[in-house]
Every structure is written in structure tokens, then in C-alpha cells.
Amino acid sequence: LVDVLDVVRDAAMILEKRVGLLSQKVKMSQICEEVGGALKVAKDKRNQPVKKKEVEFTTDVPESLPEVEGDQDKMAKVIHHVVENALKFTHKGHVKISATASSQ
């Protein structure tokens, strides 16, 4: 719950422009691989694996994706929270991090 509140607080502060965003070149493939690697071995507050045995967890983000402009730490935090929640609430099946480039 505290993690969710932190994300909501961060989002509110960004929207109110009380927290600055860094603008830098970001490799999404690197962020997604790091987040995926961390969550494969992550434990919850009860020291249980976040990823359940019945859940297949994969990452499919090509290295060839173009870099994007953004705040690397905040992007990683958002992806981490979304995927962590997917793993927490998926009891059987598949969770996959994937990304593709679009011209839009």
C-alpha cells in the first residue's frame, strides 16, 4: 500500500510541477531488462516470491528500440510498479514485458 501511495504522490507532484523531471536519452530495453531481472527474484513483505511458480514471466523488448527522451528513474519506477502489481495479482498464467517502436 505504501508503494502505491508513493506512486500516486509522485504523480500528483509531477502534475503540480513541484518535482522536476530530468530529460535524458533513455534506452527502454535496458530499463525493462533491469526491472524484469529484479522482479524475477523479488520477495514480498512476507518474504515470499512476487512471481508465483504457476506464472510464466518473460521480457521481450528489442535492443533495437530507439532511445526516448524522459526521466529514466521515474520511467523505471512506473514500469516496476505496473509489472510488480501484475505479478502480485496473477495467480496462474503469463506476465510479459514487451515494447515496440511506433512512428506516431
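When a residue number appears, it is its place in the shown sequence, counting from 1.
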Is a side-chain donor or acceptor of Lys52 paired with a backbone partner of Lys88 at a separation under 3.5 angstrom?
-> yes

Exercise: identify the closest heavy-atom pair between Ile79 and Cys32 | CD1-SG, 4.2 Å

Considering residues at least two apart in sequence or located in another chain, which fulfil the side chain to side chain contact (heavy atoms under 4.5 Å, CB included) criterion with Ala76?
-> Ile31

Under the salt bridge (charged side-chain N to carboxylate O under 4.0 Å, His left out) rule, what pairs show up with a residue in residues 53-64, not counting sequence neighbours?
-> Asp60-Lys96

Value rounded to 0.5 Å, distance of NZ in Lys77 from CD in Glu84 = 12.0 Å

Hphob cluster co-occupancy, Val78 + Val61, side-chain heavy atoms under 4.5 angstrom | no

With sequence neighbours left out, what residues match Pro62 under side chain to side chain contact (heavy atoms under 4.5 Å, CB included)?
-> Ser64, Leu65

Please examine the side chains of Leu39 and Lys51, heavy atoms only from C-beta on, and report whether any two atoms are closer than 4.5 Å.
-> no

Determine whether more than 12 heavy atoms belonging to other residues, nucleotides or ligands lie under 6.0 Å from atom NZ of Lys25.
-> no

Report the residue from Lys27, Gln24, Met28 that forms a side chain to side chain contact (heavy atoms under 4.5 Å, CB included) with Val68.
-> Met28

Side chain to side chain contact (heavy atoms under 4.5 Å, CB included) against Glu34, all qualifying residues, sequence neighbours excluded = Gln30

Nearest heavy-atom neighbours spanning Val50 and Asp44 | CG2-N, 3.9 Å

For the atom pair OG1 (Thr58) and NZ (Lys40), what is the distance rounded to the nearest 0.5 Å?
-> 7.5 Å

Residue set satisfying side chain to side chain contact (heavy atoms under 4.5 Å, CB included) with Ala38, at least two apart, ordered chain then number -> none

List in chain and number order the residues that pass side-chain hydrogen bond (donor to acceptor under 3.5 Å, both in side chains) with Thr90, two or more places apart in sequence or in another chain; answer none if no residue qualifies.
-> none

